[in-house]
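Worksheet for the structure shown next.
In this chain, residues are counted from 1 in sequence order. First listed ligand is number 1; within each ligand, the first listed atom is number 1.
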Amino acid sequence: MWTAIAQHISAKTGTAFAIQDRRSVGGGCINQAYQITDGDRRFFLKLNQASQVAMFEAEALGLQDMYDSQTIRVPKPICWGTADGSAYIVMEWLDLSRGGSGAWDRMGTALAAMHQVTSEQGFGWRQNNTIGDTPQPNPWTDSWLDFYREHRLRHQFRLAGRRGGHFPRQHELLMALPDLLAGHDPAPALVHGDLWSGNAAVTQDGEPVILDPATYFGDREVDLAMTELFGRFPSDFYQAYNAAYPLDSGYATRKTLYNLYHIINHFNLFGGSYESQANRMIDQLLR
Ligand code: ADP
């Protein structure tokens with residue numbers, strides 16, 4: 001497997017690469033992660049079962065779209081595939097550190113720039129991907145209301161139902177979406193899709209980076225909402241984002257609507273109290 005991966009890196013980068021050293025990297029949720037090096041060049045590698053290769057393909061294509069936007073730093077994807085029963089993705093290695101003064105306002109400005117990348121095909125993406133390891137469908141859709149209702153909320157509710165989740169007001173909520181989104185007409189924006197603090201970092205040079213995306217074209221507010229879900233980003237981030245690309249009024253209500261998607265997904269991934277948290281959010285939205 002290691003030789004096959006090294007050969008793939010050699011072919012993709014046009015320079016021979018042979019793994020001299022590999023060390024495992026902690027902190028991931030789903031995959032085994034490694035730094036691999038030939039003593040000179042270093043790459044970041046994630047491994048999973050071969051059946052998960054589509055997840056890595058979608059991650060690589062998402063990183064490539066964000067990389068091509070030249071707006072915010074993401075690791076450049078190198079290659080992905082399967083070898084000896086494992087799926088792999090290889091990307092640029094970044095020396096990451098915690099915090100870094102000035103990085104959060106630059107993160108806000110850079111994310112605002114990425115959110116101005118739009119799509120003529122509407123909302124969705126060129127392929128389905130995953131959120132955590134839950135399937136995330138992205139069929140091209142003209143209307144954000146239709147996209148969010150069908151391919152985000154109803155999709156997660158359906159999966160949750162199969163898992164025994166009980167959301168008594170889910171249909172009421174889906175019917176209320178036209179009211180909840182009334183007057184809001186977002187442009188399709190290139191979004192990260194899973195922007196909690198664990199997927200935001202800073203290089204040792206102080207450059208903000210975003211990692212591990214669930215990319216699609218959606219309402220840019222989905223990313224802002226998620227930055228507030230599990231502990232907010234520092235306030236410099238929001239000030240800089242708003243200065244570059246002010247948020248529309250009504251964001252505070254939509255934030256709960258957009259984070260509901262992630263909370264139902266957390267129920268689907270982890271079960272437990274996320275069900276009651278989702279029901280409280282639904283009650284709040286229907287008040
Ligand atoms: P998972 O898909 O398993 O959740 P992540 O993509 O979140 O894994 O990566 C796990 C950890 O590895 C991150 O929290 C980060 O610290 C580190 N990491 C991610 N990408 C890189 C990279 N390109 N270079 C160096 N370290 C990275």
What atoms in ligand 1 come closer than 4.0 Å to a heavy atom of [X]?
X	result
Val25	12 (O)
Leu211	19 (C), 20 (N)
Lys46	1 (P), 2 (O), 5 (P), 6 (O), 8 (O)

Notebook entry, point to check: Can you tell me if Thr109 uses its side chain to pair, donor with acceptor, with the backbone of Asp105 under 3.5 Å?
Noted result: yes
So, for [X] and [Y], is the gap between ring centers shorter than 6.0 Å?
X	Y	result
Trp125	Phe217	no
His192	Tyr216	no
Phe123	Trp144	yes

Give yes or no for whether the N/O distance cutoff of 3.5 Å, strictly under, is met between [X] and ligand 1.
X	result
Asn31	yes
Pro75	no
Trp93	no
Phe44	no

Margin query: Could you go through Gln32 and Tyr34, starting from their C-alpha distance and side-chain angles, then the distance that decides it, and tell me whether this counts as side chain to side chain donor-acceptor pair (under 3.5 Å)?
Written below: CA-CA 7 Å; Gln32 287 168 266; Tyr34 296 87; 2.9 Å; yes
Notebook entry, point to check: Should we say atom CG of Asp185 is surrounded by more than 12 heavy atoms from elsewhere, each under 6.0 Å from it?
Noted result: no
Next item on the list: Decide yes or no on side chain to side chain donor-acceptor pair (under 3.5 Å) for His151 and Asn138, but give the supporting numbers first.
Entry: CA-CA 7 Å; His151 306 303; Asn138 298 313; over 6 Å; no
Note to self: Side chain, backbone, both or neither: which applies to Glu92 and ligand 1 if a contact is any heavy-atom pair less than 4.0 Å apart?
What the structure shows: backbone
Check: Where does Leu96 meet ligand 1, judged by heavy-atom distances below 4.0 Å: at the side chain, the backbone, both, or neither?
Finding: side chain
Note to self: Tell me the closest heavy-atom pair linking Asn268 and Arg163, and the distance in Å.
What the structure shows: O-NE, 2.7 Å
Item checked: Options Leu94, Ile89, Asp194, ranked by nearest heavy atom to atom 24 (N) of ligand 1, top entry -> Leu94
Checklist line | Whether Gly26 lies under 4.0 Å from ligand 1, heavy atom | finding: yes
